[in-house]
Amino acid sequence: MNKDLTQSLVDRQNILNNPFAVAEARKTFNIEQLFFTNQQIADFYNVNIRTIERIIEENNHELSQNGVMILTGSKLQEFLKMNNDFDTDKMSGAKQES
C-alpha cells in the first residue's frame with residue numbers, strides 16, 4: 001500500500017526518523033551535500049523558485065522541527081564564507097538582509 005506523504009505528517013516523520021530510508025533516498029538521488037539553495041531545489045524539482053519559497057513559507061514549522069534552517073543576512077554571509085561550494089550564480093532567489 002502506497003503512502004501519500006503529502007497528506008500524512010506521521011508518514012513523513014517515519015521516513016525522516018529512519019536512517020535507512022534517508023540513506024537510500026540520498027543514494028537514489030545522488031545527494032552528497034546537505035545544504036541547498038532555493039534555486040537548486042527548484043531546479044531539482046523543475047519548478048519555479050517562487051513555488052519553493054511558497055512551500056517553505058507554508059510548511060516552515062514542520063521544516064524547522066526537522067532541522068531545516070533558512071539562512072539569511074549575516075548568517076547566510078557567514079555560511080558562504082565557510083563554504084566555497086556555493087557560487088553567487090547559484091544564490092539567485094536567496095533573500096539577503098542589508
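- With sequence neighbours left out, the side-chain hydrogen bond (donor to acceptor under 3.5 Å, both in side chains) criterion links Ser64 to Asn60.
- With hydrogens and angles disregarded, a donor-acceptor distance shorter than 3.5 Å links the side chain of Thr28 to the backbone of Glu24.
- The shortest non-hydrogen separation linking Gln40 to Thr37 is OE1-N, 2.8 Å.
- Atom CG of Leu63 is separated from atom CE of Met69 by 12.5 Å, given to the nearest 0.5 angstrom.
- Residue pairs that meet the salt bridge (Lys or Arg N to Asp or Glu O under 4.0 Å) test with at least one member in residues 14-23, sequence neighbours left out, do not exist here.
- Closest approach of Ile56 and Ile70 over heavy atoms only: CG2-CD1, 3.8 Å.
- Identified under the salt bridge (Lys or Arg N to Asp or Glu O under 4.0 Å) test for residues 61-72, with sequence neighbours left out: Arg12-Glu62.
- One distance of note links CZ of Arg54 with CG of Asn59; it measures 9.0 Å at 0.5 Å rounding.
- Taking CG of Leu71 as the start and CZ of Phe35 as the end, the distance is 8.0 Å to the nearest 0.5 Å.
- The ring pair (Phe, Tyr, Trp, His ring centres under 6.0 Å) search around Phe44 returns Phe29, not counting sequence neighbours.
- One hydrophobic cluster, built from ILVMFWY side chains closer than 4.5 Å, holds both Phe36 and Tyr45.
- One distance of note links CD of Glu57 with CD1 of Ile52; it measures 13.5 Å at 0.5 Å rounding.
- Cluster annotation: Ile55 is not connected to Val68 through the hydrophobic network of ILVMFWY side chains, with a link wherever side-chain heavy atoms come within less than 4.5 Å.
- For the atom pair CD (Glu53) and CZ (Arg50), the distance works out to 8.5 Å, reported to the nearest 0.5 Å.
- In terms of the ring pair (Phe, Tyr, Trp, His ring centres under 6.0 Å) criterion, Phe20 has no residue partners (sequence neighbours excluded).
- Annotation: side-chain hydrogen bond (donor to acceptor under 3.5 Å, both in side chains) contacts of Asp43 (sequence neighbours excluded): Gln39.
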